[in-house]
Amino acid sequence: MSYDVVILGGGSGGFACALRATSLGLSVALIEADKVGGTCLHRGCIPTKALLHAGEVADSARHAGDFGVSATFNSIDMNGVNAYKDGVISRLYKGLSGLIKAHGVTYVEGWGKLVSPNTVEVNGVQYTGKNVVLATGSYAKTLPGLDIDGQRVITSDQALKMDYVPKSAIVLGGGVIGCEFASVWKSFGADVTIIEGLPRLIALEDETSSKQLERAFRKRKIEFEVGSKYQSHTVNADSVTVNLENGKSFTAEILLVAVGRGPVSAGIGYEEQGITMDRGYVLVDNKCRTNVPGVWAVGDLIPTLQLAHVGFQEGILVAEEIAGLNPRPINYDGVPRVTYSEPEVASVGLSTATAKERGYDVEEISYDLAGNGKSQILKTAGSIKLVQQKGGPVLGIHMVGARVGELIGEAQVIYNWEANAQDVAPFVHAHPTMNEAMGEAFLALAGKPLHAHG
Ligand SMILES: Cc1cc2nc3c(=O)[nH]c(=O)nc-3n(C[C@H](O)[C@H](O)[C@H](O)COP(=O)(O)OP(=O)(O)OC[C@H]3O[C@@H](n4cnc5c(N)ncnc54)[C@H](O)[C@@H]3O)c2cc1C
């Protein structure tokens, strides 16, 4: 069977490519071994955010008295939480499956292998494409000697299916996924300790965001050890003990290994077809072309930011390039990044350190959410930090606080439009909203602060 585009993997990158390609009149076969929607829908973004929302509801009940509301937090019913979470997934899955069908995509269930540069074989049937898009995604990595048993030592895959709240948890890895699970479990009532080898939590974010998240986690009594490396662990009858290189050890009911994700690229024929790879990642140019003509790669499989919206955009880019629309390459600095813990962390553009490394003469201001009415109403703390090229455009926007993930839309437009503070300061922001804090930050950066202290 032959198509304009054969796509291997139906996650964020693969299905976005399929939908855009068919809408441009191309014939598409989409091959998926498990379920369309991939990691994000079934084991990533959506289930974690449902758990985080359940955690927020639990915290609201717990702290209702702070707002003069009489309520008692009793317990977490994980069956109820999972039913809610799975309900969200299944509605979205149904919707997505319907979209794929409505677009006329040929959906092939099964494990596929690249058997020639333009052919993928599934269950003995060959699907040939003028173009082949590799979108096989990623898996949860572990460390040497740290075996995942699925019971005491788990990854996010098992953590999302747990039918109980652990009394205590060690989270190995203080990146986005680790911090989100630490936040959920704390909200659900567990004692949580994060162990991070780098000197700070969410180390890819601006240093001030890490510091503020650490402060907030300390206040929430989420323990963490940064700059500490895993050495060994022992699984006991009803607990697991982790020993660190610095001699410290921690014991908890479960150990979540959240040390990053690796590309799914082994044994699928990529090497045999001569595709250039580095540590398992498929290498591509700025239009997601591999070194083999007609073969493209998108999503977590390539060494760009491992985010669903990056996969979507890469999938769309490839479809448009194949259709001859000559789309603009993606500016990865302009991709919004959100950690959905309590509090949330959101950013776009460059950190202060990166901006300096790139030779910019940097100016920065930080607007404290203490001056923002809605933040006071919500009882959240944090800030919006702006990094600007002196006399030039905004280079980075970094936020910490409840719900700041919802502010990233405006931040990303400002950054990607290369706006100056003077361009943004005149925009009127609704009062009282969290969004108003963005307006206030830009007023301050433009030299005319309103509700700003110090
Ligand atoms: C716990 C967690 C939370 C996350 N939260 C967020 C978030 O909040 N926001 C965000 O933007 N991102 C988040 N992510 C990241 C996001 O899930 C990924 O970036 C995204 O899913 C990558 O899409 P993809 O299409 O590259 O790969 P995947 O979604 O992994 O899809 C790849 C698909 O290919 C299939 N496949 C693999 N090999 C074969 C084969 N040989 N034959 C057939 N099919 C095959 C797999 O079954 C899979 O369905 C999270 C990830 C995790 C693990």
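For ligands, and for the atoms within them, numbers begin at 1 and follow the listed sequence.
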Please report whether ligand 1 has a polar contact with Ile177, defined as an N or O pair separated by less than 3.5 Å (distance criterion only).
no
Heavy-atom proximity to atom 43 (C) of ligand 1, picking from Ala258, Gly14, Gly269, Ala33, points to Ala33
Relative to the ring of Tyr84, is the ring of His53 parallel (under 30°), tilted (30 to 60°) or perpendicular (over 60°)?
tilted
Closest candidate by heavy atom, reference atom 1 (C) of ligand 1, pool Leu8, Val122, Thr48
Thr48
Is the side chain of Gln273 donor-acceptor paired with the backbone N or O of Ile275 at a distance under 3.5 Å, no angle test?
no
Which option wins on minimum heavy-atom distance to atom 12 (N) of ligand 1: Ala308, Ser138, Gly178?
Ala308
Tell me the nearest of Leu52, Asp300, Val335 to atom 18 (C) of ligand 1, using heavy-atom distances.
Asp300
Among Ile31, Leu30, Thr39, Val36, which residue places a heavy atom closest to atom 29 (O) of ligand 1?
Thr39
Identify the closest protein heavy atom to atom 27 (O) of ligand 1: which residue and atom is it, and at what distance?
Gly137 CA, 3.1 Å
So which heavy atom in the protein is nearest atom 39 (C) of ligand 1, and how far is it from that ligand atom?
Thr136 CG2, 3.6 Å
Residue-ligand contact Lys49/ligand 1, heavy atom below 4.0 Å:
yes
Looking at Cys17, Gly38, Cys45, the heavy atom closest to atom 6 (C) of ligand 1 belongs to Cys45
Who's the nearest protein heavy-atom neighbour of atom 46 (C) of ligand 1, and how far?
Glu32 OE2, 3.4 Å
Closest protein heavy atom to atom 31 (O) of ligand 1, given as residue, atom name and distance to 0.1 Å
Gly11 CA, 3.3 Å
